[in-house]
Amino acid sequence: MEFTLSSLVRYLIRKARLVRKDSGTVVEVDVEAPVMVPKVCVVRALVDRMIPGQEIILRSTDLEMPWEMEHFCNMLGHELLDVAREGATYFFTLRVRGDEDRLPSQDPFQLDLSPQSMLRTVDITPNREPWRLQGSNRKISGQRPALKAKYG
């Protein structure tokens, strides 16, 4: 299958979910990548298309992603606001910074992992079949269209 980063970003955005947090609604994206493409490259393609100040939640089950996100934010100056975990799934809340307000880069060998908080997601869709619209046979993409994050 042939792809470009732009087509991959469009594919991921179609599968995005909205998460309601105390600060408002944030887009959550499950980071997927084709074989032999590092997930951090996909994250870079997403972040490069965002407006400075915007937040995004990136979801991944990759064991290496906590380190990759630390280094990604360190090298590009974006802000890693939160790292949470539910089972084997990691949730990274990232705030995009503009060129003029990027965070200074640190020595990569001196970086520590951000502490991980435990997270429990709760499906708040009022429908018993959240993959279907009420009274319609049209399917909604994704398993859980709306989630509320509860930190504990």
Side-chain angles (χ1 to χ4, degrees), residues 5 8-98 101-134 139-152:
L5 277 179
L8 185 59
V9 167
R10 282 194 301 275
Y11 170 75
L12 291 176
I13 293 301
R14 277 197 312 257
K15 295 177 52 176
R17 306 187 292 189
L18 293 178
V19 175
R20 190 170 59 192
K21 296 179 96 174
D22 294 336
S23 59
T25 305
V26 181
V27 174
E28 179 186 286
V29 176
D30 189 6
V31 181
E32 298 175 19
V35 177
M36 303 302 289
V37 175
K39 289 186 177 185
V40 75
C41 291
V42 175
V43 171
R44 173 82 188 256
L46 280 169
V47 168
D48 285 350
R49 288 162 173 77
M50 293 176 63
I51 298 170
Q54 279 187 318
E55 291 181 17
I56 189 168
I57 299 173
L58 305 167
R59 183 177 67 244
S60 178
T61 56
D62 236 351
L63 291 175
E64 295 85 19
M65 278 303 279
W67 279 112
E68 289 182 13
M69 290 306 300
E70 286 291 338
H71 285 281
F72 173 81
C73 290
N74 180 48
M75 296 310 293
L76 295 179
H78 298 301
E79 191 174 358
L80 187 58
L81 299 174
D82 185 43
V83 179
R85 198 171 129 210
E86 180 181 39
T89 305
Y90 295 95
F91 296 85
F92 306 95
T93 305
L94 178 84
R95 179 178 296 134
V96 176
R97 296 232 173 194
D101 68 338
R102 300 265 167 112
L103 298 174
S105 180
Q106 301 173 23
D107 179 7
F109 295 105
Q110 302 299 320
L111 284 180
D112 290 324
L113 274 178
S114 296
Q116 298 173 9
S117 59
M118 297 310 291
L119 175 74
R120 183 171 159 248
T121 56
V122 180
D123 189 352
I124 61 168
T125 306
N127 211 339
R128 284 202 178 281
E129 295 181 320
W131 57 90
R132 294 191 185 275
L133 288 172
Q134 213 164 12
K139 288 191 173 191
I140 298 175
S141 62
Q143 295 176 357
R144 297 182 280 182
L147 296 178
K148 180 177 181 182
K150 183 176 181 181
Y151 294 87

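- Looking at Glu79 and Arg97, a side-chain N of the basic residue comes within less than 4.0 Å of a carboxylate O on the acidic one, giving a salt bridge.
- Between the Asn74 side chain and the Gln106 main chain, a donor and an acceptor come within less than 3.5 Å of each other.
- Distance check, rounded to the nearest 0.5 Å: SG of Cys41 to CG of Leu46 gives 11.5 Å.
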- Task: Test side chain to side chain contact (heavy atoms under 4.5 Å, CB included) on Gln116 and Tyr90 and set out the steps.
- Result: CA-CA 9 Å; Gln116 298 173 9; Tyr90 295 95; 3.6 Å; yes
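- The CG atom of Asp62 sits 4.0 Å away from atom NZ of Lys39, with the distance rounded to the nearest 0.5 Å.
- A donor-acceptor pair under 3.5 Å links the side-chain atoms of Asp101 to the main chain of Gly98, judged by distance alone.
- Atoms CG and CG, from Leu58 and Asp30 in turn, are 9.5 Å apart once rounded to the nearest 0.5 Å.
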- Message: Between Cys73 and Leu94, does the side chain to side chain contact (heavy atoms under 4.5 Å, CB included) criterion hold? Intermediate values first, please.
- Response: CA-CA 8 Å; Cys73 290; Leu94 178 84; 3.0 Å; yes
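- Taking OG1 from Thr93 and CD1 from Ile57, the interatomic distance works out to 4.5 Å, rounded to the nearest 0.5 Å.
- When atom types are taken as modelled, the side chain of Asp107 and the backbone of Phe109 share a donor-acceptor pair closer than 3.5 angstrom.
- Surrounding CG of Leu113 are more than 12 heavy atoms belonging to other residues, nucleotides or ligands, all under 6.0 Å away.
- In this structure a side-chain-to-backbone donor-acceptor pair under 3.5 Å is missing from Gln54 to Val96.
- Residues that satisfy the salt bridge (charged side-chain N to carboxylate O under 4.0 Å, His left out) test with Glu55, not counting sequence neighbours, are Arg95.
- Taken to the nearest 0.5 Å, the CZ atom of Arg85 stands 10.5 Å off from the CZ atom of Phe92.
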- Query: Would Arg44 and Leu76 satisfy side chain to side chain contact (heavy atoms under 4.5 Å, CB included), going step by step from the backbone distance to the final call?
  - Reply: CA-CA 9 Å; Arg44 173 82 188 256; Leu76 295 179; 3.4 Å; yes
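- In terms of heavy-atom proximity, Leu80 sits nearest to Glu70 at CD2-OE2, 3.5 Å.
- Put simply, OG1 on Thr61 and CZ on Arg59 are 9.5 Å apart, with the number rounded to the nearest 0.5 Å.
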- Test log, rule side chain to side chain contact (heavy atoms under 4.5 Å, CB included), inputs Val83 and Met69: CA-CA 9 Å; Val83 179; Met69 290 306 300; over 6 Å; no
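- Side-chain atoms of Glu86 and Met118, non-hydrogen and from C-beta on, never get closer than 4.5 Å to each other.
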